[in-house]
Amino acid sequence: MSRLTNTIRNTVVGFAAQLIVILLNYINRTIFIYYLGAEYLGLSGLFSNILSMLSLAELGIGVAISFSLYKPLEENDIRKTKALMNFYQLAYRIIGIVILILGLCLIPFLDVLIKDKPDIPYFTLIYVLFLSNTVVSYFFTYKRSLLSADQKEYLNSVNRTFFAVIQCVGQFFVLMLTKNYLLYLIVVVACTLGSNVVISYQCDKRYPYLRKNTEKLSKDETKELLKYVMAQLSHKVGGIVVSGTDNILTTSLVSGGLVIVGLYSNYLLLINTIKSVITMFFTSVTASVGNLNAENDVNKSKAVFNKMFFLNMCFYGITASCILNLANDFICLWIGDKYLLSSGVVVLIVINYYISGMRQTCQTYNTTLGLFWNDRFKPWIESGINLISSIILIRYYGFMGVLLGTLISTVTTSLWVEPYMLYKHGFKQSVWDYFGRYAQYMICIIACTVLSALVTRFIQVDSFVMWTIKAVLVGTVSTGIVCVLYRSTEEFKWVERIMSGVVKKIFQR
């Protein structure tokens, strides 16, 4: 019950926080496009990708530390917790300095990464501000992991939302009054720093033993931790190469790539908005799953996995149907048809979204069970397939080739390797049960998407009122199909109980 209470509390607070952040992001993006245009959007996407590559220096320490914290927190082992946090603090300070140095060394090569460089003033200074925001985030944020591992993710949600509001309001006035992109970025850096300083102070109050912490890990503990760090490094490489190089490849190899990246960023904002709400749930539940897995009850853990995997399908499947049927209408109404991408590109974006999203439950379990060591070589293979296939396909299909490369690399590796490792080393059962469920869910979601399109094909979307009507119909048809097909299953009944608990918690507040 404690795990369920923590999960519901983290989910409710996280959901409320996300709604606020979502609204602010769309207001901010609308103003940004109005005053600065698509080229600045593309530049933001490019620099974000470059710095995600530099974050390889993080080595996966954050995930490894979070995994290592579950057991000492469960057992109230303060010495081990202090030692881990001390190691974490030192490591992140070193990482911040390394990223700063590497980032500055990249400055002479920025022109190479853009095939058609736009006439944007203070180009280098803009990059330096992006770099500063990344570096600043490493000097206090390590304490957030302790809150997450201790099933108190809601505190992180409140903190991020508060500073997101400040940031959005500050950026709004900067663009309205000055139209100055440099000041816009300075607001971002200041809010990142403020958010991390405040969360650090809150952690020191909640965990006073972190003050004047000199506890050290033993040699054996350090060796065990470094084992998981190296495994996480492999996964970090895979994740960044697969998702973090799309914009770099597009701007450097596709004509007009910077504008395409700007258009793509609007779809990503829409998708990441939805994904952030879903991920918030899985982030809220991760610590509870880690706490559950610490009990070493495989049957209980597997039963919860099946329920979470069904919920995973509900989240990503229904939203994938909605995105595919509604995204272009929304973009057209929001910022105009000149910001639309082709239907083929949108289909690939949604397929990648769904396949990536359906990995969420396996990733949560593999992380909390420490199984990222067992498939440590998978990301390297995935990265190679992604880069080679993307570069080849770009020649024939342009930007679509980049998305196809991502799809090919995911299907040939992560789609089957992650569940295989979980079932073999975690549950010690055959993985065919998982693939059977996956196939059923995929057929269900294809049916949801096609039937939703057929039901709404006659609706002429020329206003947000009509778009809302269409959205309600698509959501109702998709959800209805899932309910009809799975209403008698234990997984469906579990989801009903969870949702009723969340609703009660919301109205109680």
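Since the model is a prediction, treat every value here as computed from it, not as a measurement.
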Phe330 meets the ring-ring contact (aromatic ring centres under 6.0 Å, His included) criterion, sequence neighbours left out, with Tyr26, Trp334, Trp467
Counting only heavy atoms not in Phe32, do more than 12 sit closer than 6.0 Å to its CZ atom?
-> yes
If you count the non-hydrogen atoms of other residues, nucleotides and ligands that lie under 6.0 Å from OH in Tyr397, is the total more than 12?
-> no
Please determine, by modelled atom types, if Tyr316 and Gln360 share a side-chain donor-acceptor pair under 3.5 angstrom.
-> yes
Quick one: does Asn325's side chain have a donor or acceptor within less than 3.5 Å of a partner on Val474's backbone?
-> no
NZ/NE/NH1/NH2 to OD/OE distance under 4.0 Å, Glu491 and Arg437 = yes
Using a strict cut-off of less than 4.0 Å between a Lys/Arg side-chain nitrogen and an Asp/Glu carboxylate oxygen, indicate whether Glu418 and Arg359 qualify as a salt bridge.
-> yes
For [X], what residues pass the side-chain contact (heavy atoms from CB on, under 4.5 Å) criterion, not counting sequence neighbours?
{"X": "Thr406", "result": "Val242, Asp246, Asn352, Asn386, Thr410"}
{"X": "Glu221", "result": "Arg79, Lys80, Leu217, Ser218"}
{"X": "Asn328", "result": "Tyr267, Leu340, Ser343, Val346"}

Which residues satisfy the side-chain hydrogen bond (donor to acceptor under 3.5 Å, both in side chains) test with Thr192, sequence neighbours excluded?
-> Asn133
Is the shortest heavy-atom distance from the side chain of Leu311 to the side chain of Trp494 under 4.5 Å?
-> yes
Quick one: which residue pairs count as a side chain to side chain donor-acceptor pair (under 3.5 Å) with a foot in residues 444-466, not counting sequence neighbours?
-> Ser452-Ser478
